[in-house]
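Comments concern the structure below.
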Amino acid sequence: FAAMACLACRSFHKYVDCAVMNEVVWNISHGKGPITQLHETQPIPANRSFWSCHFAPVLALAAPLYRLWPSPCLSLSLQALLVFGTAVPLYAVLRPRLGSRQALGLALAYLLYPATQHGMLRELHAFWAGPFVVGLWWALGARRWGYATAFARLALACREELALVLAGVGLALLLTPGRRLAGLAILAGSLAWFALLVGHIMPSLGQAAGYHNYKFASLGSTNAEIARTLLTRPLHAASLFLTADKLANALVFLLPLAGLPLLGGRAALAALPVFALLFLSDLTGTHSYLLYYPLAALPLRHPAAFQAQL
């Protein structure tokens, strides 16, 4: 898949995000910081921090390697390694309950999942958190708090939406006997970090006013209006899920796993917040299985499918 992604890049079958990500990593590797001048289709002033658009400090981890191999193929190969490498911790999480054979089958199912493959091959973006999210799930179950903290920090460094993925994990734990205190801490901390990041940190780095709000025009034009609509007009918000395109994409996400994630109980809740965010958006790409947006929460679908069989 890394080779296929590199061939797609070399034949000009990648899009603007691939160029932006590589420019950011190149600038970091040369001591210029996460600066971009290529995001002309978005309201980011030239020479402003890319973190004002998407908070992805994880890209800095690739910068030293970029000095050795300054090529888009490096970033694409790292993406392939992390996205498909998620199968390893996923297998480790499932093996104690399922046994080696069935756990291996579900890990392979993740690799063959259409949304995983399309999202990885379609574009380059910093949705590299799969191993960290599954690692967090394992560490919390094993009560390895040091590992859990490390995995949570790495996940949050991938993109701002990962705070909602962790909030989902916290929500699932909040309803789990013996894990409620940890769940409450993760849920509250993740939501507080998301609010601080979107409301203050990213704007302070040069984000244009209302940069992300255009994605949710049906809910409002400001953060306050969007929140108020969600709280006071829940039926209107729910109606945004019921378009033909969104329902079709929901089926594509569910059918390969026979719809079992819907029956996954607490495990299904872990993926709920970020998928709700994606499907509330007015932009077609955010909820499409063909793009990379759902990659962060996809690994949680498979534990949910497993949980539904218990």
Side-chain angles (χ1 to χ4, degrees), residues 5 14-39 41-67 70 72 74-83 85-86 119-120 122-136 150-167 190 193-208 211-212 215 273-274 277-278 281 283 285-286 291-299:
K14 291 292 182 181
Y15 301 93
V16 65
D17 286 334
C18 184
V20 172
M21 295 298 113
N22 280 284
E23 184 200 22
V24 170
V25 177
W26 189 93
N27 282 332
I28 294 174
S29 70
H30 287 77
K32 299 180 179 182
I35 303 301
T36 179
Q37 298 183 32
L38 296 179
H39 228 290
T41 59
Q42 303 288 354
I44 305 176
N47 292 315
R48 290 294 180 91
S49 172
F50 179 70
W51 297 170
S52 68
C53 169
H54 292 300
F55 193 77
V58 72
L59 293 174
L61 298 179
L65 295 175
Y66 218 80
R67 294 301 298 265
L74 170 64
S75 303
L76 292 167
S77 298
L78 288 173
Q79 176 170 270
L81 176 65
L82 289 168
V83 171
T86 301
M120 205 287 297
R122 178 82 175 185
E123 189 54 283
L124 173 66
H125 231 293
F127 283 104
W128 297 352
F132 313 137
V133 173
V134 179
L136 173 65
F151 283 129
R153 288 176 176 174
L154 286 168
L156 291 173
C158 290
R159 268 189 54 134
E160 61 274 9
E161 293 97 323
L162 266 298
L164 297 180
V165 176
L166 265 63
S190 299
W193 172 247
F194 183 75
L196 179 65
L197 193 58
V198 175
H200 298 283
I201 296 177
M202 291 170 67
S204 72
L205 294 173
Q207 183 186 94
Y211 171 75
H212 288 291
K215 302 175 184 177
V274 73
L277 178 74
L278 297 179
S281 173
L283 297 185
T286 58
L291 292 180
Y292 44 78
Y293 292 99
L295 281 177
L298 283 182

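Values below: all heavy atoms of this structure, side chains included; hydrogens, waters and symmetry mates excluded. We count residues from 1, following the sequence as given.
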Worksheet item: With P131, which of T86, L154, V83, L136 fulfils side chain to side chain contact (heavy atoms under 4.5 Å, CB included)?
Response: T86
Worksheet item: Considering residues at least two apart in sequence or located in another chain, which fulfil the side chain to side chain donor-acceptor pair (under 3.5 Å) criterion with S190?
Response: none
Discussion item. Quick check on side chain to side chain contact (heavy atoms under 4.5 Å, CB included): which of W193, F194, F55 does L156 satisfy it with?
Written reply: W193
Worksheet item: How close do A155 and V133 get, heavy atom to heavy atom, and via which atoms?
Response: CB-CG2, 4.3 Å
Response to the item:
When rounded to the nearest 0.5 Å, the distance separating CD of E161 from CG of L278 is 7.0 Å
Fill in: Minimum heavy-atom distance S29-A63, with the two atoms named
CB-O, 3.3 Å
Worksheet entry | From L59 atom CG to H54 atom NE2, the distance as rounded to the nearest 0.5 Å | 11.0 Å
Discussion item. Within the structure provided, determine whether F132 and R153 are in side-chain contact (heavy-atom separation under 4.5 Å).
Written reply: no
Worksheet item: So which heavy atom on A129 is nearest to which on L162, and how close?
Response: CB-CD1, 3.5 Å
Practice prompt. Would you give the length of the straight line joining atom CG of L61 to atom CG of L78, rounded to the nearest 0.5 angstrom?
Written response: 9.5 Å
Worksheet item: How about I201 and L196: do any of their side-chain heavy atoms sit closer than 4.5 Å?
Response: yes
Worksheet item: Are side-chain heavy atoms of L166 and F151 found at a separation under 4.5 Å?
Response: no
Practice prompt. Could you tell me the separation between the CG atom of L76 and the CG atom of L81, rounded to the nearest 0.5 Å?
Written response: 12.5 Å
Discussion item. Restricting to non-hydrogen atoms, name the atom on L164 and the atom on P273 that form the minimum distance, rounded to 0.1 Å.
Written reply: O-CB, 3.5 Å
Worksheet item: Can you tell me how far the NE2 atom of H30 sits from the CZ atom of R67, to the nearest 0.5 Å?
Response: 4.5 Å
Worksheet item: About how many Å separate CG of L277 and CD of E160, when rounded to the nearest 0.5 Å?
Response: 9.5 Å
Response to the item:
Nearest heavy-atom approach of S49 to S52 is O-OG, 2.7 Å
Worksheet, complete the sentence: side chain to side chain donor-acceptor pair (under 3.5 Å) filter on S281, not counting sequence neighbours, yields T286
Discussion item. Is it the case that the side chain of N27 and the backbone of G33 share a donor-acceptor pair, with hydrogens and angles ignored and the cut-off at 3.5 Å?
Written reply: no
Worksheet item: Does some side-chain heavy atom of Y66 sit less than 4.5 Å from a side-chain heavy atom of S75?
Response: yes
